[in-house]
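For the numbers below, each heavy atom of this structure counts, side chains included, while hydrogens, waters and symmetry mates do not. By convention in this document, chain letters (A, B, ...) are assigned in the order of the sequence lines, proteins followed by strands, and residues within each chain are numbered from 1.
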Amino acid sequence: MAISDIVRTRFAPSPTGYVHVGGLRTALYNYLFAKKCGGKFILRIEDTDQTRLVEGAAENIEKVLEWAGLAPDESPLRGGDFGPYTQSQRLHLYKRYCEQLIAEKKAYYCFSTPEELEEVRKLQQKQGLQPKYNRKWLPESMGGSMPESKIKEALESGIPKVVRMKVPDGITIKIDDVIRGVVEFDSAVVDDQVLLKADGFPTYHLAVVVDDHLMQITHVIRGEEWLSSTPKHVLLYDFFGWEKPVFAHVPLLLNPDRTKLSKRQGDVAVEDYIKKGFSRDALLNFVALLGWNPGSGSEQEIFTLDELREQFSLEHVGKSGAIFNLDKLQWIEEQHIRRKSDAELAQAIRPILEEELKSRKTEMPIEKITSDEYLRAVAKEMKERARFIKEFVTFSSYFFFEPETYEEDAVKKRWKDHTNALLSEFAARLETLSDFTASAIEAELKTFCEAKGVKTAEMVHPIRLAVSGASFGPSLFHLLEIIGKEAVLRRIHRAVERLKREPAATS
RNA sequence: GGCCCCAUCGACUAGUGGUUAGGUCACUUCCCUUUCAAGGAAGCGGGACGAGUUCGAAUCUCGUUGGGGUCACCA
């Protein structure tokens, strides 16, 4: 059977609430591979487990992919020529193909109850056997012991039933995986998997194979946890006589203790990382590198989505699991911030600032602090210091808001008895300064300090505290220039006022 | 436990028979510096183990050990 001659990959999550970072990486690899090959990237929602459905989860998946810049070419929302893209809307297809398998004696009905199966399983485990379906309902005509008449009877009585695939005995099932090479399984270790559940929904195994075939998926790129159920899928392709896609089982993302990355040991939802302030570029860059590298010679660590798209290849995907390491992610985030231009950063900062301004009053002119020029200046001074984009507003809020408090330890250390007087006097000097630029302010301060016989540091630190409330931050003189004369003077006077009765003696 | 996968610095990794085993994060030190960062320089630290093949093995083979995944009418 012909398979598409253009590459088609898919991301096929189940809508259980949020997008896992491992899922994001899988989606990314699928997207990158497809795009690199000039192919299509498809999103399919695997909602065959009615008990695990979460309201709105499917929409959320599309939203997250959109955020990540990995918008699918075909999806439930977008549509496409191979829809529907939601498995619960394709039930008739699975049923039809199941009937075909039954007719061809490659699958059979099973009327064993879950309780019954559970009991059999327990017994097998007790005997140290492999838990497997005992083929109680395998018909005589297929080599089993159940008379056709009994099956017919059960069928007519309408008692709940499932459909199971009949795994051939004594064969070796080969998987050719691009990442792992040839992997072989003895058919004796694969169970007669349920294909169609009692509620009429397919299991994952039937649904993936049918859909991947019908949607003409050429490459199945998914997590390694699927490797051991792949023989079932291979068998189904063979049953149907369909051409198999290329399989690529990517290594798992791990907790620090090397178990599969899980909720219990930290944040796993992409949404969690978005909330923390990570940007899509950094997150994508980071997960891309967990299991993939640009290969021979290249020591590039920082990639934009475009660069990943150009350089990605399945050949350079590794085999061993990778620990999700926050330190590196943080570093990558910072690198991405530093690579952005001041103008780009200004654009990114503005909406965050505007949001903040909804709930917070500022003493500064709004038009001024939201202007492109102002935000670019802030970006320039802060881009080496910000760990997240949002920190331009939060960490250095003094660019936009008058400080309410002053770092206590720093005040203790820097606020001397004569500080108030010196600050007031210097403020008066600044008032007359016509050219309020970093260099002019610096020159003025030097002159002032010399005249007063104090060290520059004795002024620099208190001024920073007065104006920003913090003991750290960008170059003081640039900070003053950006904030502007009016605000600087106001803040110095306010600080002198507020710190008047709290000299260094408070300790 | 059965089956399957995996195994290079603490973490992410380069490397495909001949390298002083390279890079990045983290950590330490130094430089720069009015603060905090950033940046620059240096340091720390590694092929799980044991056999074999070979003139030569992180690289190939086998075994051992360790870790992981999977064994549902969940995906």
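Here A:Q124 lies out of heavy-atom contact (under 4.0 Å) with every strand. Among the atoms of the strands shown, none is found under 4.0 Å from any heavy atom of A:P256. Among the protein residues, A:S112 comes within range of the nucleic acid bases, having at least one heavy atom under 4.0 Å from a base atom. Within 4.0 Å of A:T48, counting heavy atoms only, lie sugar-phosphate atoms of the nucleic acid but no base atom. Using a 4.0 Å heavy-atom criterion, one finds that A:L227 contacts the sugar-phosphate atoms exclusively.
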Please enumerate all protein N or O atoms sitting under 3.5 Å from an N or O of nucleotides 11-15 of chain B, with distances to 0.1 Å.
| from | atom 1 | to | atom 2 | distance (Å) |
| --- | --- | --- | --- | --- |
| B:C12 | OP1 | A:R258 | NH2 | 3.1 |
| B:C12 | OP1 | A:I323 | N | 3.1 |
| B:C12 | OP2 | A:R258 | NH2 | 3.3 |
| B:C12 | O2' | A:L289 | O | 3.2 |
| B:U13 | OP1 | A:G291 | N | 2.8 |
| B:U13 | O3' | A:N293 | ND2 | 3.1 |
| B:A14 | OP1 | A:N293 | ND2 | 2.3 |

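Of all the residues in residues 179-205 of chain A, A:R180, A:V183, A:E184, A:F185, A:V189, A:V194, A:K197, A:A198, A:P202, A:T203, A:Y204 reach under 4.0 Å from RNA chain B with at least one non-hydrogen atom. Within residues 451-467 of chain A, the residues that place at least one heavy atom under 4.0 Å from RNA chain B are, in residue-number order, A:V460, A:H461, A:R464. If you check residues 115-123 of chain A against RNA chain B, the residues with a heavy atom closer than 4.0 Å are A:L117, A:R121, listed by number.
B:G18 and B:A41 are spaced 30 Å apart, taking the P atom of each and rounding to whole Å. Separation of the P atoms belonging to B:G63 and B:C55 is 24 Å when rounded to the nearest angstrom. Taking atom C1' on both nucleotides, B:A14 is separated from B:G46 by 13 Å, rounded to a whole Å.
For A:V162, whose side chain is taken as the heavy atoms from C-beta onward, the closest listed nucleotide among B:A38, B:U34, B:C73 is B:C73. Residue A:K319 has its side chain nearest to B:C6 when only B:U35, B:C6, B:A72 are considered. Side chain of A:D49, nearest nucleotide from B:C74, B:G1, B:U24: B:C74. Distance from the side chain of A:Q130 is smallest to B:G1 among B:A75, B:U24, B:G1. Closest to the side chain of A:R164, out of B:A75, B:C73, B:A37, is B:C73.
Counted by atom type alone, A:E333 and A:S279 present one or more donor-acceptor pairs between their side chains at under 3.5 Å. With hydrogens and angles left out, the side-chain atoms of A:E458 and A:H418 include a donor and acceptor closer than 3.5 Å. Inspection of the A:E381 and A:S475 side chains reveals no N or O donor paired with an N or O acceptor under 3.5 Å.
Taking a pair to require two hydrogen-bonding distances under 3.5 Å in either a Watson-Crick or a G-U wobble arrangement, B:A38 remains unpaired. Of the nucleotides present, B:C25 is the one that pairs with B:G10 by Watson-Crick or G-U wobble criteria, both distances under 3.5 Å.
Contacts of A:R135 classified as side chain to side chain donor-acceptor pair (under 3.5 Å), with partners at least two apart in sequence or in another chain: A:D169, A:D192. In terms of the side chain to side chain donor-acceptor pair (under 3.5 Å) criterion, A:Q89 has no residue partners (sequence neighbours excluded).
Annotation: A:K340, atom NZ; neighbour count of heavy atoms from other residues, nucleotides and ligands within 6.0 Å is above 12. Residue-environment remark: CD (A:E119) stays at or below the threshold of 12 foreign heavy atoms within 6.0 Å.
If you find the closest nucleotide of RNA chain B to A:R338 and to A:F111, the one lying nearer the 5' end belongs to A:R338.
Phosphate proximity of B:C3 to A:K132: absent, as no side-chain N or O sits under 4.0 Å from OP1 or OP2.
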